[in-house]
Amino acid sequence: MIEIQVVAKFAIKDGNLDEFKRVANEAMAIVREKEAGTLAYDWYFDDENTTCVVIQRYSSPAALLHHIRHVSGHLAELSKLASRSIEVYGIIPPELAEIIAPFGAKIFVPQLWLERQAV
């Protein structure tokens, strides 16, 4: 199990939808052009266009790190336009955990899978 999954949820502040979508489209273009290790990068909006959920999958922790390096500026811009929560699922090396900590990411590890592997 090497894949990393990320779920980012944004509550878009009033009046910021157009700018939010502009920045999101820029990030999506970067991912398409430069990130072979990004397996999924899907943006979903609710009916009111007030909440956006981004479902992401990366082939490895290194692929997630590569992604962060490419779009951290965009994440900073999005964070001005919306409040966010980020959940990361997988086995995250300590170095990567340190890098994602400033984004407020909550890390979930596959505890039961790890316990099975130890047997």
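One is the number of the first residue; the rest follow in order along the sequence. Values in this document were obtained by computation on a predicted structure and should not be read as measured data.
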Residues Lys21, Glu26: salt bridge by 4.0 Å N-O rule: no

Side chain proximity check, [X] to [Y], heavy atoms < 4.5 angstrom:
{"X": "Ile86", "Y": "Val7", "value": "no"}
{"X": "Tyr58", "Y": "Leu65", "value": "no"}
{"X": "Glu19", "Y": "Lys13", "value": "no"}
{"X": "Ile68", "Y": "Phe103", "value": "yes"}
{"X": "Ile107", "Y": "Ile100", "value": "yes"}
{"X": "Val54", "Y": "Asp42", "value": "no"}

Taking all heavy atoms of [X] and all of [Y], pick out the closest pair and write down the distance.
{"X": "Ala8", "Y": "Gln56", "result": "CB-NE2, 3.9 Å"}
{"X": "Pro61", "Y": "Ile91", "result": "CG-O, 3.9 Å"}
{"X": "Ala82", "Y": "Ile12", "result": "CB-CA, 3.6 Å"}

Ring centers of Tyr41, His67 separated by less than 6.0 Å: yes

Single-linkage hydrophobic cluster, 4.5 Å side-chain cutoff, Ile55 and Phe108 together: yes

Cluster link Leu64 to Val109, ILVMFWY, side chain under 4.5 Å: yes

If you round to the nearest 0.5 Å, how far is [atom2] of [Y] from [atom1] of [X]?
{"X": "Asp14", "Y": "Leu81", "atom1": "CG", "atom2": "CG", "result": "12.5 Å"}
{"X": "Lys80", "Y": "Leu75", "atom1": "NZ", "atom2": "CG", "result": "11.5 Å"}
{"X": "Cys52", "Y": "Arg84", "atom1": "SG", "atom2": "CZ", "result": "13.5 Å"}
{"X": "Thr38", "Y": "Ile30", "atom1": "OG1", "atom2": "CD1", "result": "11.5 Å"}
{"X": "Leu39", "Y": "Ile4", "atom1": "CG", "atom2": "CD1", "result": "11.0 Å"}
{"X": "Glu3", "Y": "Ser60", "atom1": "CD", "atom2": "OG", "result": "9.5 Å"}

Derivation of the side chain to side chain contact (heavy atoms under 4.5 Å, CB included) call for Leu17 and Phe45: CA-CA 11 Å; Leu17 179 62; Phe45 289 82; 4.2 Å; yes

Residues Val88, Gln5; criterion side chain to side chain contact (heavy atoms under 4.5 Å, CB included); working and verdict: CA-CA 6 Å; Val88 180; Gln5 297 178 50; over 6 Å; no

Asn25 side chain to Ala29 backbone, donor-acceptor under 3.5 Å: no

Parallel, tilted or perpendicular: rings of Phe10 and Phe20 (30°, 60°): perpendicular

Donor-acceptor side-chain pairing of His70 and Glu35 below 3.5 angstrom: yes

Row check, Tyr89 ring normal vs Lys106 NZ/CZ: under 6.0 Å, within 45°: no

